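Report on one structure; see the data block that follows.
Note that the structure is predicted; figures quoted are calculated from it, not measured. Chain letters run A, B, ... following the sequence lines, proteins first, then strands; residues in each count from 1.
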Protein chains: 2
Amino acid sequence: MAESPSLPDLDPISDRAVFRQIADHLREAIERGQLAEGDKVPSEAQLMQHYGVARMTIRNALQVLQSEGLTVAEHGRGVFVRSHPPVRRLASDRFARRHREQGKAAFIAETEGAGGKPSVDSIEITEVKPSPDVAERLKIGPKDRTVRRSRRYLINGQPVETAISYIPVEIAKGTQIMQPDTGPGGIYARIEEKGYRLDHFVEDIKSRMPLRDEVRALRLAPGVPVFHLVRTAYASDGTPVEVCDTVMSSDAYVLSYELPAR
Amino acid sequence: MAESPSLPDLDPISDRAVFRQIADHLREAIERGQLAEGDKVPSEAQLMQHYGVARMTIRNALQVLQSEGLTVAEHGRGVFVRSHPPVRRLASDRFARRHREQGKAAFIAETEGAGGKPSVDSIEITEVKPSPDVAERLKIGPKDRTVRRSRRYLINGQPVETAISYIPVEIAKGTQIMQPDTGPGGIYARIEEKGYRLDHFVEDIKSRMPLRDEVRALRLAPGVPVFHLVRTAYASDGTPVEVCDTVMSSDAYVLSYELPAR
DNA sequence: TAGTGGTCTAGACCACACA
DNA sequence: GTGTGGTCTAGACCACTAG
């Protein structure tokens, strides 16, 4: 039984829009914990009655909270305070050689270590000409060809990340990189077998709201942004050997990096 | 003169909501470049006429695009395709000792290097008991006191980041850390003068939609998420000497990290 | 079946921008 | 002044959920 969160009345003097005042009241109730995670927000009808306003005004207010990522609406059930799932911490040593030597790809090793069930689906392998951005990162020409591996990562069945790797064909050719199953240690192990010793990675991270397709692929709730991370892998002679373009649900991850003070 | 982007008609068979179809049409026009950055989207009246629907239906469609960060509405002028400002790349060597030795704090050095005019305002210094999270990161008790330095960073007058540092009082006491101007090289230079040699930093990064106050402090457009970054600085004996809690406009930054392959 | 949110209509008045 | 978006009303019908 959800007890009502005792909302204040409207301030008739304020020139702040009514729907914003209502959104403020609800937001404060959430921040104070008066409405806890998972709690049901009063129904539109109840709020209309409490504030004496039209339904669209209430819906505008609820829309504000939803776009702030504070609530989710469930058709036929009600509006609920978002509960934040436990997040995974992506540490900066996840590409350590010792993991590859143990035959584990980064995602698998890390997820199992945290007690989740990792899986991968939607694996597609094609040969494509690189986009200008990818070509620049790989230091290759716009007509050179690359192997494009795209896939989706899931934890306990919940999609958390999509990734697309681009590897120059000369490196990928004749290796298991062209197969759906890349074998023990994943792509990076295959690249090293080919004679490229991995030296370091550079990760560029942006944050933005998801595109429509990303909402679908990651089953994102409204108001949840994504990390857009592009990683470039360099061999010890400075050659870029792979670019990996990933989109991650910000709900599922905390990215963690260690920097030397030098 | 904004030429009209030749929008398709509604699909009368589709069971996709009308406002979503309209949002899709506009989104596709933007993605195809038919509506370029800065272009004016057809007015609500024009769209009503084109599609033959009520105004609220059009407004719902425009609302979708706005919450995706694709457009901004300007009262009295129109709705425009968002133009993305040039972003700053925050590199992982920004805390290199050589910068401190040159007397530059990280933000100043980096911004000037990129040709921008850095400034800092809203500097506040208080002594507080740490939050549980900060206490844990600093490995101190909940009753130990810390110096809290909050400030806002701007580039060419545009706010891009707010930051709050917490330093244990024993470390900050009697140094310029307690003053608004921390002196050449900033906080970290003062900490090192006190005998703590900085060894490394750990940065934890989340992405989320901004709170109301953050929208105001950073003048964020609708549909723009923030990076929430917490950095902990460690001395060479492993002692945490500072925690810095920052919120950054995702419009203004690309975070860039280099990882060794080890 | 009753209650919930999802969509849509057809108006109204207001504040802001610009010529 | 005219056109723009911002807010609000008062209805309507539909689809989904749950008892």
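- Residues that satisfy the salt bridge (charged side-chain N to carboxylate O under 4.0 Å, His left out) test with E203(B), not counting sequence neighbours, are R94(B), R231(B).
- Contact record, E110(A) with A91(A): OE2-N, 3.4 Å, taken as the closest heavy-atom pair.
- Remark: the Q21(B) side chain and the Y51(B) side chain contain no N/O donor-acceptor pair separated by less than 3.5 Å.
- Note on residues 47-58 of chain B: pairs passing salt bridge (Lys or Arg N to Asp or Glu O under 4.0 Å), not counting sequence neighbours, are E44(B)-R55(B).
- Residues A45(B) and R59(B) each lie close to DNA chain D; by heavy-atom proximity, the contact nearer the 5' end of the strand is made by A45(B).
- Both key distances under 3.5 Å define a Watson-Crick or G-U pair, and stretches of 3 or more such consecutive pairs in DNA chain D run C:1-18 with D:1-18.
- Residue pairs that meet the salt bridge (Lys or Arg N to Asp or Glu O under 4.0 Å) test with at least one member in residues 69-79 of chain B, sequence neighbours left out, are E74(B)-R77(B).
- Across all non-hydrogen atoms, the minimal contact from P225(A) to S250(A) is O-OG, 2.8 Å.
- Straight-line distance from the CZ atom of F80(B) to the P atom of dT4(D): 11 Å, rounded to whole Å.
- Distances shorter than 4.0 Å separate none of the side-chain N or O atoms of T57(A) from OP1 or OP2 on dC8(D).
- The phosphate of dT4(C) has OP1 or OP2 within less than 4.0 Å of a side-chain N or O from S43(A).
- Here dA10(C) presents its C1' atom at 16 Å from CD of Q49(B), a figure rounded to the nearest Å.
- Distance, Y51(B) OH to dT7(C) P: 17 Å, rounded to whole Å.
- In this structure, CD1 of I58(A) is placed 10 Å from P of dC8(D), rounded to the nearest angstrom.
- The distance from atom CE of M48(A) to atom P of dC8(D) is 14 Å, rounded to the nearest whole Å.
- The salt bridge (charged side-chain N to carboxylate O under 4.0 Å, His left out) search around D213(A) returns R216(A), not counting sequence neighbours.
- Rounding to whole angstrom units, NZ of residue K40(A) and P of dT17(D) are separated by 14 Å.
- Looking at residues two or more places apart in sequence or on another chain, you find a side-chain hydrogen bond (donor to acceptor under 3.5 Å, both in side chains) between E112(A) and K104(A).
- Taking a 4.0 Å limit (strictly below) on heavy-atom distances, residues 63-79 of chain B reaches DNA chain C at H75(B), G76(B), R77(B).
- The shortest side-chain heavy-atom distance between R16(B) and D11(B) does not fall under the 4.5 Å cut-off.
- What separates CG of L62(B) from P of dC8(C) is a distance of 14 Å, to the nearest Å.
- Listed by first and then second residue, the salt bridge (Lys or Arg N to Asp or Glu O under 4.0 Å) pairs that reach into residues 146-158 of chain A are D121(A)-R152(A), sequence neighbours excluded.
- Residue L10(B) contributes atom CG, which lies 15 Å from atom P of dT7(C) at whole-angstrom precision.
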Dump every N/O contact between nucleotides 11-13 of chain C and the protein below 3.5 Å, one line per pair.
{"unit_1": "dA12(C)", "atom_1": "N6", "unit_2": "R55(B)", "atom_2": "NH1", "d": "3.1"}

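- Within residues 12-26 of chain B, the residues having any heavy atom under 4.0 Å from DNA chain C are, by residue number, A17(B), V18(B), F19(B), R20(B).
- The two residues G223(A) and M209(B) make their nearest non-hydrogen contact at O-CG, 3.2 Å.
- With sequence neighbours excluded, no residue forms a salt bridge (charged side-chain N to carboxylate O under 4.0 Å, His left out) with D245(B).
- Salt bridge status for E214(B) with R208(B): present, with a side-chain N to carboxylate O gap under 4.0 Å.
- Take D204(B) and apply the side-chain hydrogen bond (donor to acceptor under 3.5 Å, both in side chains) test, not counting sequence neighbours, and it matches R89(A), S256(A), R137(B).
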